[in-house]
S.K.: 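Before I ask anything, let me first share the structure, which is written out below as structure tokens.
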Amino acid sequence: MKFTVVTILPELIEPALTAGVVGRAREAGVIAVDTVNPRDFTTDRHRTVDDNPYGGGPGMVMKPEPLLAAIDKAAGVPPAHRILLTPAGAPLTQARVRELAARPHLVLVCGRYEGIDERVREIAIDEELSIGDYVLSGGELGALVIIDAVARLVPGVLGEPTSADDESHSAGLLEYPQYTRPQALDGRAVPAVLQSGNHAVIAKWRREQALLRTAQRRPDMLASQEAIVRAVAKRTHLALVHHPAVDRTGKVITTALTNFDIHDLARSSMTFGLGGYHIVTPIASQRDKAAYIAKLWMNDEQGEHRASALQLVRTADSIETVIEELTGRDGPPLVVASSAREGAFPAAGRRTASELLAEASTTTGKVLVLLGTGWGLAESLIPSVSRVLAPIEGGSSWNHLSVRSAGAILLDRLFGRRALRPA
Ligand code: 4GY
């Protein structure tokens, strides 16, 4: 694997790659790193590599001709993959690093000053990458980051081939905590499980720790793990609660069924891959009506595509009945309330959608998300609620979403696809 860095400061690159695994890999010839300096492609007496920006403004821009010549020299024929390091690039991810590691030759182009001429980017850059949302004084440190991250995936660079194996096992998660001797340090013992010698138990503990850590520190990372998201969605159920609800005065009421709620929330539930959608009302005739409407639509000849969605619809006389139905080998479901009001269900743990997803991914039981009707869920009558989702806030003081809209937004927050896909 070969890296060629285009830089006017090669002395920033060379010394940084002499030690550690990358240094040894270079010595062993597993990877090669060269630099090409645009200054060597200047033709004037002063070896000028910068010029004033058209349109004025502060700072200088890299002069196109020497930079283009240097990139051409670095890339060869046919040109190797040319990457520009810039905060405007796509965020570098481990997934992209893995793809880059499969290429035989990467050219890393480092800008300096205020940046490069736009036409150089158009002519001679294949991809723009950023190592983070901050501004460096040049692309060199970004180039070093890419070399380091890519090189350690090149076969023969890391000592043990098992290190890569172990990482793929927890791919996309933060690392589990590591310990070495001494057994006790400043009164802190190494977790007993790691000294048990039971490899299956240790592997399970490490996986849980990695999930928990990712949940607490990087819920966004967890949310982009497709397999985890789909698995949790499948064991999540939605309940549309007509009782116990409250009216505008806070009085406990039973609300009437709304046709559209049956239909639309079933479609949302299906879209996000839920396990079921429960319409909860103590009024038998209303349950019959809900079941009848669902069946009507299922048998509707022009409604084949929505038939499957309506199959998710079930009816129940109470939240407790739904809980019973969802109780299995893994115990009762995790009951999650939703509310338009910050501070609702004060005894329950408040969770953002990502936090709830993370928490649910460390368990195996079902998840039951309650959607209120009327003016919301009658909190004091639903003691089974142990988590409450952060409210949806539009930024105005007027906050009255329909339950269909709120349900759809919550499902998108929980299970919507948002993985960063490399171009
Ligand atoms: N962030 N990720 C980054 C950077 C410096 C002006 C263009 C970054 O990758 N590179 O901050 N680079 C700028 C400086 C010219 C590059």
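Just so you know, these numbers come straight off a predicted model, no measurement behind them. When a ligand or atom number is given, it counts from 1 through the structure's own listing order. Excluded from the calculations below are hydrogen atoms, water molecules and symmetry mates; all remaining heavy atoms, backbone and side chain alike, are included.
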S.K.: Is the shortest distance from a Lys or Arg side-chain nitrogen in Arg121 or Glu118 to a carboxylate oxygen in the other one below 4.0 Å?
M.R.: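 So Arg121 pairs with Glu118 through a salt bridge.
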S.K.: Ignoring hydrogens and geometry beyond distance, is a side-chain donor-acceptor pair present between Glu128 and Thr86 at under 3.5 Å?
M.R.: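 Looking only at side-chain atoms, Thr86 and Glu128 do not form any donor-acceptor pair under 3.5 Å.
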S.K.: Please determine whether a side-chain nitrogen of the Lys or Arg among Glu99 and Arg96 lies less than 4.0 Å from a carboxylate oxygen of the Asp or Glu.
M.R.: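 Salt bridge: yes.
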S.K.: Salt bridge or not between Arg404 and Asp261? Use side-chain N to carboxylate O under 4.0 Å.
M.R.: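 Judged by the 4.0 Å cut-off on N to carboxylate O distance, Arg404 and Asp261 do form a salt bridge.
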S.K.: So which heavy atom in the protein is nearest atom 6 (C) of ligand 1, and how far is it from that ligand atom?
M.R.: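 Going by distance alone, atom 6 (C) of ligand 1 is nearest to Tyr113 O, 3.3 Å.
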S.K.: Show me which atoms of ligand 1 lie under 4.0 Å from any heavy atom of Leu129.
M.R.: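 Going through ligand 1 atom by atom, the ones under 4.0 Å from Leu129 are 9 (O).
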S.K.: Tell me whether Glu355 is salt-bridged to Arg350, with the criterion being a basic N under 4.0 Å from an acidic carboxylate O.
M.R.: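 Salt bridge flag = no for Arg350 with Glu355.
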S.K.: His105 and Thr4: side-chain donor and acceptor closer than 3.5 Å?
M.R.: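 Note: His105 and Thr4 side chains meet the donor-acceptor criterion.
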S.K.: Pro10 and side chain to side chain contact (heavy atoms under 4.5 Å, CB included): which partner among Asp40, Asp34, Asn37, Val36?
M.R.: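 Considering Asp40, Asp34, Asn37, Val36, a side chain to side chain contact (heavy atoms under 4.5 Å, CB included) with Pro10 is found only for Asn37.
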S.K.: List ligand 1 atoms under 4.0 Å from Tyr134, heavy atoms only on the residue side.
M.R.: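 Atoms satisfying the 4.0 Å criterion: 1 (N), 11 (O).
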S.K.: Nearest heavy atom to atom 12 (N) of ligand 1 wins, so pick from Gly138, Ala143, Gly142, Pro91.
M.R.: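 Heavy atom nearest to atom 12 (N) of ligand 1 belongs to Gly138.
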S.K.: In terms of atom number and element, which parts of ligand 1 are under 4.0 angstrom from non-hydrogen atoms of Gly132?
M.R.: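 Within the 4.0 Å cut-off of Gly132, ligand 1 contributes 1 (N).
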S.K.: Give me the residue, atom name and distance of the protein heavy atom closest to atom 2 (N) of ligand 1.
M.R.: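 Going by distance alone, atom 2 (N) of ligand 1 is nearest to Ile131 N, 2.8 Å.
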S.K.: Counting non-hydrogen protein atoms only, what is the nearest one to atom 16 (C) of ligand 1? Give residue, atom name and distance.
M.R.: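 For this ligand atom, the closest protein heavy atom is Leu85 O, 3.6 Å.
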S.K.: State, without any angle test, whether Thr271 and Ser268 hold a side-chain donor-acceptor pair at a distance under 3.5 Å.
M.R.: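 Absent: no donor and acceptor within the cut-off.
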S.K.: Any idea which atoms of ligand 1 are less than 4.0 Å away from a heavy-atom of Gly115?
M.R.: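 That gives atoms 15 (C) of ligand 1.
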S.K.: Taking both backbone and side-chain atoms of Gly111, is any N or O found less than 3.5 Å from an N or O belonging to ligand 1?
M.R.: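 No, no N or O pair falls under 3.5 Å.
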S.K.: Would you tell me which option among Leu141, Ile146, Leu92, Leu136 has the nearest heavy-atom contact to atom 13 (C) of ligand 1?
M.R.: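 Nearest option to atom 13 (C) of ligand 1, by heavy atoms: Leu136.
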S.K.: Who gets closest to atom 10 (N) of ligand 1 by heavy atom: Thr86, Leu84, Leu108?
M.R.: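 Selected option, by shortest heavy-atom distance: Thr86.
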S.K.: Using a strict cut-off of 4.0 Å, indicate which atoms of ligand 1 neighbour a heavy atom of Val135.
M.R.: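 By the 4.0 Å cutoff, the relevant atoms are 11 (O).
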S.K.: More than 12 heavy atoms of other residues, nucleotides or ligands under 6.0 Å from NE2 of His199: yes or no?
M.R.: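 Atom NE2 in His199 is not crowded, with 12 or fewer foreign heavy atoms closer than 6.0 Å.
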S.K.: What protein heavy atom lies closest to atom 4 (C) of ligand 1? Include the residue and the distance to one decimal.
M.R.: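 Of the protein heavy atoms, Pro87 CD, 3.5 Å lies nearest.
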